[in-house]
Amino acid sequence: MNYKDLADLIFPNAKEIAYYEEKYPERNLPEGAVVTRFAPSPTGFVHVGGLYQALVARTVAKKTEGVFFLRVEDTDQKREVENGVTGIVNSLKDFDMAPDEGMVTEIDEIGNYGPYKQSSRKEIYEAYAKYLIEQGKAYPCFASSEELEEMRAKQEAAKIRPGYYGVWAKYRNLPVDEAIEKIKNGEDYIIRFRSPGREDRKIKHKDVIKGNVDFPENDQDIVIIKADGLPTYHFAHAVDDHLMRTTHIIRSDEWLSSVPLHLQLFQELGFKVPKYAHISPIMKNDNGNKRKLSKRKDPEAAVSYYKEEGIPTDAVKEYLLNIANSTFENWRRANPDKNIEEFDFQLNKMSVSGALFDMVKLLDIGKTVISKMTAEQVYAKSLEWAKEYDEELATLFENNKEYSLKILGIERGNAKPRKDISKWHDLKNAIIYMYDNEFLNREIQYDYAKVSRKEEIVKILNLYKEKYFHIADDKQTWFDKIKDLAEEVGFAREVKEYKKEPEKWPGHVGDISTVLRVALTGRQNTPDMYEIMQVLGKDSVIARLEKAIQNEGK
RNA sequence: GGCCCCUUGGUCAAGCGGUUAAGACAUCGCCCUUUCACGGCGGAGACAUGGGUUCGAUUCCCGUAGGGGUCACCA
């Protein structure tokens with residue numbers, strides 16, 4: 001009885017690995033093309049960190065005319081969530097980051113290197129596990145979980161390194177005959193890797209991002225096939241990324257310490273070792289301590305949060321790219337209108353330590369992104385958002401499309417467009433007063449700032465309404481008239497003169513403007529008042545002035 | 001605890017032995033012939049710490065402190 005017999009007994013139906021090697025040949029890609037992947041578990045939750053990894057992986061692949069694929073790692077049945085794959089696929093789609101290959105719906109996939117869902121790859125893992133057993137590089141382990149716990153307790157008590165290795169690897173040297181007998185007797189077992197490593201030897205590894213990292217060799221006989229017949233992450237990683245011909249493993253740096261194991265696995269399986277790029281996680285400041293953005297504690301950890309808030313996807317991508325390569329910011333300034341895919345992304349320029357998530361900066365980018373859009377784009381994007389998250393706004397927009405476009409066009413499209421909206425969630429509050437239904441039929445809290453006497457307010461508003469307001473005036477005329485009005489009520493015509501001798505007047509033209517602004521909009525801060533009045537139109541302006549005058553009469 | 005990694009202003013970060021130590025966000029002031037949002041100009045603000053090496057260390061080496069990661073039949 002030899003290894004071959006043992007392997008045949010355990011996996012009688014497994015194919016030869018040559019079959020798969022042939023089925024999934026080296027990819028025919030241009031020189032220097034990089035193949036990357038995003039390989040999440042379908043837990044139904046997409047973390048920004050995951051999006052970040054996917055963005056980096058995809059950017060690198062695109063830049064080199066390589067391939068970016070989506071593989072679903074669902075080997076842990078306990079964590080399985082319904083429609084988990086759909087959530088991931090849709091999130092990537094939302095961000096315009098659909099993969100070249102891999103899962104495209106819950107069950108469908110595209111590409112020649114599939115299946116792209118690990119639970120569908122069982123027979124492949126079995127073939128490679130069988131191969132390893134035949135070579136004497138893997139073996140069945142009959143230790144029960146109680147036994148393992150007991151072992152661990154002993155190790156801890158003796159203060160030695162825990163794990164299944166060396167003398168603790170109880171079944172590592174079990175004679176083949178005995179193993180076969182146990183299996184035939186129906187004893188439970190799993191498959192372990194027979195590690196050739198020694199803890200007292202060091203290996204050198206060069207990570208694309210982290211640089212040179214030295215580790216002790218792995219000497220743990222880790223599990224490669226679990227009791228449920230599915231592989232562990234480590235084994236699946238080696239088999240899948242080899243067969244899918246991944247050139248660069250871009251993943252979270254929590255995997256860095258597994259590199260010695262992975263390197264060993266690739267070697268023992270006879271695979272070409274890929275390049276590794278371990279990305280630092282996005283952190284959050286929690287009472288002076290840095291910690292990873294947490295799914296449970298931080299709403300902004302969920303990709304869905306950005307969608308709900310209406311932060312443009314481009315803003316999120318730009319922010320993430322900015323964390324990834326700080327030169328992005330300079331590039332963006334030099335090329336404000338270029339597509340982000342034209343940016344020359346450098347994997348090895350990524351930071352070795354994790355960046356603190358900065359919502360303020362993200363929103364600042366959001367402002368810029370939105371400011372560059374046309375009124376039509378703002379309308380389309382915000383309406384799409386509103387349909388899902390703000391019914392009132394959606395209705396308002398749909399019932400007043402032309403008028404809404406005018407509002408959104410205020411101070412837009414010129415050299416210095418407005419930058420007051422950072423996310424769709426803020427939009428309604430910024431423009432709601434422009435709609436007569438929302439303004440005229442509602443109780444408004446008027447606060448005229450410096451001018452507070454009722455009679456004076458009424459006087460100003462009446463004068464404007466009766467004498468100075470002409471909707472057809474051009475901007476200069478319009479403005480001159482407000483100055484005339486200021487003069488007529490005894491206010492300074494020019495702010496500068498007023499500032500020189502403030503005691504000479506009760507206020508200046510700006511204070512008069514504020515009275516008009518508040519009467520027309522209910523607010524002290526608004527975009528350009530001339531444009532607002534043009535958009536409102538004559539009747540609305542008059543109605544609003546009257547409403548304000550009446551209010552003072554109460 | 002073992003092993004591994006990290007440490008430049010509030011935040012993201014350039015920098016690779018000699019620099020007035022960039023830039024962006026945030027913050028403060030002034031200007032932008034009326035507010036706000038922009039935009040412009042300017043200000044304040046940093047090399048964790050102790051030893052080396054060196055003519056010279058933010059940069060190289062060692063220690064200390066702080067932070068992070070990892071030690072599953074989870075990924």
Side-chain angles (χ1 to χ4, degrees), chain A residues 39-41 43 73-79 118 141 143 145 148 152 156 159-164 188-192 199 205 207 210-211 213-216 220 222-234 236-237 251-260 278 280-281 283 285 288-292 319 322-323 325-330 332-333 349 351-365 367-368 371 411 414-421 430 449 479 482-483 486 494-496 508-514 516-518 523-530:
Chain A
S41 296
T43 58
E73 311 225 321
D74 60 343
T75 56
D76 185 5
Q77 295 144 324
K78 293 185 289 289
R79 299 217 303 201
Q118 289 182 330
C141 168
S145 47
L148 292 172
R152 170 169 307 276
E156 272 169 26
K159 297 208 164 132
I160 54 177
R161 195 160 52 91
Y164 198 93
D188 291 336
Y189 63 94
I190 46 84
I191 310 296
R192 280 183 189 275
E199 216 257 347
H205 167 69
D207 189 88
K210 304 278 181 185
V213 194
D214 296 349
F215 287 104
Q220 300 275 347
I222 56 111
V223 174
I224 58 173
I225 302 287
K226 301 181 286 182
D228 60 12
L230 288 170
T232 53
Y233 170 86
H234 306 106
H237 154 53
R251 60 180 10 173
S252 160
D253 75 356
E254 70 199 63
W255 292 109
L256 187 62
S257 59
S258 301
V259 163
H278 287 94
S280 311
M283 314 288 280
N285 190 315
N289 283 62
K290 265 188 173 186
R291 48 150 244 256
K292 277 205 258 186
Y319 174 66
N322 193 235
I323 291 183
N325 266 191
S326 62
T327 48
F328 177 81
E329 218 162 34
N330 293 328
R332 176 44 94 207
R333 221 173 319 130
K349 289 274 174 61
S351 172
V352 273
S353 49
L356 243 30
F357 186 82
D358 188 348
M359 184 61 86
V360 175
K361 185 140 187 169
L362 203 206
L363 293 179
D364 182 73
I365 295 173
K367 277 185 196 169
T368 305
S371 77
E411 288 187 73
N414 48 18
K416 289 193 231 166
R418 278 194 81 71
K419 286 193 178 179
D420 52 348
I421 306 294
F479 189 38
I482 294 178
K483 288 183 176 177
E494 306 289 344
V495 178
K496 275 188 178 161
H508 56 75
V509 62
D511 300 314
I512 300 300
S513 287
T514 298
L516 295 175
R517 188 187 306 280
V518 170
R523 310 207 176 170
Q524 291 181 8
N525 304 330
T526 72
D528 183 77
M529 195 160 51
Y530 177 75

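What you are looking at is a predicted structure, and each value in this text was computed from that prediction instead of being measured.
- Residues A:Val360 and A:Ser258 each lie close to RNA chain B; by heavy-atom proximity, the contact nearer the 5' end of the strand is made by A:Val360.
- The backbone N or O of A:Leu363 lies less than 3.5 Å from no partner atom in the side chain of A:Tyr319, so there is not a single donor-acceptor pair.
- The A:Lys367 side chain lies nearest to B:C38 when the options are B:A75, B:C38, B:C73.
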Taking only Watson-Crick and G-U wobble pairs with both distances under 3.5 Å, what dot-bracket line describes RNA chain B, where [ ] shows pairs that cross earlier ones and | shows pairs with another strand? ((((((((.[[[..)..(....]]].(((((.......)))))....[[[[[..)....]]]]])))))))....

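- Here A:Lys210 pairs with A:Asp253 under the salt bridge (Lys or Arg N to Asp or Glu O under 4.0 Å) rule; sequence neighbours left out.
- Nucleotides B:G52 and B:A46, compared at atom C1', are 24 Å apart to the nearest Å.
- With B:A13, B:A37, B:C74 as the candidates, the nucleotide lying closest to the side chain of A:Thr232 is B:C74.
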Each nucleotide N or O in nucleotides 3-10 of chain B that has a protein N or O under 3.5 Å away: list the pair and distance.
residue : atom : partner  : partner atom : Å
B:C4    : OP1  : A:Lys202 : NZ           : 2.8

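- Listed by chain and number, the residues in a ring-ring contact (aromatic ring centres under 6.0 Å, His included) with A:Tyr189 are A:Phe142 (sequence neighbours excluded).
- Counting only heavy atoms from C-beta on, A:Asp76 has its side chain closest to B:A75 among B:C73, B:A75, B:C71.
- For B:C74, one of the phosphate oxygens OP1 or OP2 lies less than 4.0 angstrom from a side-chain nitrogen or oxygen of A:Lys226.
- Closest approach to the A:Asn525 side chain among B:A75, B:C12, B:C36 is made by B:C36 (side chain taken as heavy atoms from C-beta onward).
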Nucleotides 21-24 of chain B: which of its N/O atoms have a protein N/O under 3.5 Å away?
residue : atom : partner  : partner atom : Å
B:G23   : O2'  : A:Arg333 : NH2          : 3.0
B:G23   : N2   : A:Glu329 : OE1          : 3.4
B:A24   : O2'  : A:Glu329 : OE2          : 2.7
B:A24   : O2'  : A:Lys361 : NZ           : 3.2
B:A24   : N3   : A:Lys361 : NZ           : 3.1

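- Within the structure, every side-chain polar atom (N or O) of A:Ser371 is placed at least 4.0 Å from both OP1 and OP2 of B:A37.
- If you take CD of A:Gln118 and P of B:A75, they are 8 Å apart, rounded to a whole angstrom.
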So which protein N/O to nucleotides 30-34 of chain B N/O distances come out below 3.5 Å?
residue : atom : partner  : partner atom : Å
B:C32   : OP1  : A:Lys496 : NZ           : 3.4
B:U34   : O2   : A:Ser513 : OG           : 2.7
B:U34   : O2   : A:Arg517 : NH2          : 3.3

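- Comparing B:U11, B:C36, B:G39 by their closest approach to the side chain of A:Lys419 singles out B:G39.
- Residue-to-nucleotide proximity on RNA chain B shows that, of A:Pro231 and A:Arg161, the 5′-proximal contact is made by A:Arg161.
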